[in-house]
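What follows is a single structure, written as structure tokens, with notes after it.
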2 protein chains.
Amino acid sequence: MEKYIKELKAHKLKITPQRLDILSFLDKNRIHPSADEIYKAIKINSPALSKTTIYNNIDVMVKNNIIKSFRFMDSNELRFDYKTTEHYHFICRKCKSIYDVDISLPYLEKFEHYMHKVEEFYGDYKGVCENCLNKKKLKNK
Amino acid sequence: MEKYIKELKAHKLKITPQRLDILSFLDKNRIHPSADEIYKAIKINSPALSKTTIYNNIDVMVKNNIIKSFRFMDSNELRFDYKTTEHYHFICRKCKSIYDVDISLPYLEKFEHYMHKVEEFYGDYKGVCENCLNKKKLKNK
DNA sequence: TCGTAAATTGTAACTATTACAAAATAGATA
DNA sequence: TATCTATTTTGTAATAGTTACAATTTACGA
């Protein structure tokens, strides 16, 4: 908990139970949750929680680079990650698993050729994951 | 126009003026428009057009791979492209220009290492584009 | 402990999209 | 070519995700 307080203080943000709940939830549940999922999870133990609080805080924490927001290419809801290194997501269309794919540096280098200065990037990939591919192979035997 | 008719027929879709309008607009305006932008543009010459028609047809054409849909990482609206090769987008945070970045093959190869079968991919990049970087250099001189 | 700026809450509004039913139409068939 | 029917179009209403706003509460520096 101390770690989240430090993080908030470093950005001159007030320490509120709601903010600590959100940070703790995101840190302990690396499941790329939506705002609604965060809301529902925290509301269980803090029934007075308002959804606006979730949105407000998510917003301020994203702006302060404490957490990251992104969306999957075929979804209309934002999703959130506790501060992580840059990565892509691979989504299996069969089992819906989400794999984090660390892919940062080589891609950024590639972009230098375009002479644009890349500051942020985001990507996601869809297909069939290793597990599902193997299941299919077994069936075919 | 003949080309759009062929395209629709190839997928056993009925030829309607609305569909031809959408295809023609997307083909001639490579501006990654949103559903609303497509709607407004076509409605000028076809005032009876309904927004539902846009959504219905966009949907059916995406499913038939006639057009592509995607969204920018920080936007909540879908955007559409006339059939193109796979590419990423680079968005300049200063001038808001969108650059198409052809980046397909090397990345897919890279993914083979993960043993997942990649079928679709999507990515976008944000930063400062070449033009805006050059402008800044001139100013500093 | 107090005062104030900031945070929280609940409600209402807004935007993008989807659901649905009635009317219109494309295009196959006679 | 006229007719028939499944498909498409339209308009309206509903929904999901998010944002705006005003009243109340709270964090925290003085």
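It should be emphasised that the depicted structure is a prediction, and the values quoted were computed from it without experimental measurement. Letters A, B, ... are given to chains in the order of the sequence lines, protein chains preceding strands, and every chain is numbered from 1. Only this structure's heavy atoms are used, side chains among them; waters, hydrogens and symmetry mates stay out.
- DNA chain C is contacted by A/Lys14, A/Thr16, A/Gln18, A/Arg19 of residues 10-32 of chain A, taking any non-hydrogen atom closer than 4.0 Å.
- The aromatic ring centres of A/His89 and A/Tyr99 sit 6.0 Å or more apart.
- When each of A/Leu78 and B/Leu49 is assigned the nucleotide of DNA chain D bearing its nearest heavy atom, the one mapping closer to the 5' terminus is B/Leu49.
- End-to-end axis angle of the helix from C/dT1-D/dA30 to C/dA30-D/dT1, using five pairs per end and rounding to 10°, comes to 30°.
- Comparing B/Lys9 and B/Phe80 by the nucleotide of DNA chain C whose heavy atom lies nearest to each, the residue mapping closer to the 5' end is B/Phe80.
- Side chains of A/Asn29 and A/Glu37 form no contact here, defined as non-hydrogen atoms less than 4.5 Å apart.
- Across every non-hydrogen atom of B/Lys14 and B/Leu8, the tightest pair is O-CD1, 4.3 Å.
- In this structure, A/Cys92 and A/Cys129 approach most closely via the heavy-atom pair SG-N, 3.3 Å.
- Annotation: proximity of residues 55-64 of chain A to DNA chain C (heavy atom, distance under 4.0 Å) is found for A/Asn56, A/Asn57, numbered in ascending order.
- Note: B/Phe80 and B/His32 fail the aromatic proximity criterion, with ring centroids not under 6.0 Å apart.
- The two residues A/Ser69 and A/Val62 have their closest heavy-atom pair at CB-CG2, 3.9 Å.
- Distance check, rounded to the nearest 0.5 Å: CZ of A/Phe25 to CD1 of A/Ile38 gives 6.5 Å.
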For nucleotides 28-30 of chain C, print each protein N/O atom paired with a nucleotide N/O atom at under 3.5 Å, atom names and distance only.
none

Mind listing the N/O atom pairs, protein and nucleotides 22-24 of chain D, below 3.5 Å?
none

Mind listing the N/O atom pairs, protein and nucleotides 11-15 of chain C, below 3.5 Å?
| unit_1 | atom_1 | unit_2 | atom_2 | d |
| --- | --- | --- | --- | --- |
| C/dT11 | O4 | A/Thr52 | OG1 | 3.2 |

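- Checked for salt-bridge contact, B/Lys9 and B/Glu7 miss the test: no charged N lies under 4.0 Å from a carboxylate O.
- Rounded to an integer number of Å, the gap from B/Ile54 CD1 to D/dT10 C1' is 12 Å.
- Taking every heavy atom of both residues into account, B/Arg79 and B/Ser34 meet most closely at NH1-N, 3.8 Å.
- For the pair B/His11 and B/Asn64, the tightest heavy-atom approach, listed with the atom from each and the gap, is CE1-O, 3.0 Å.
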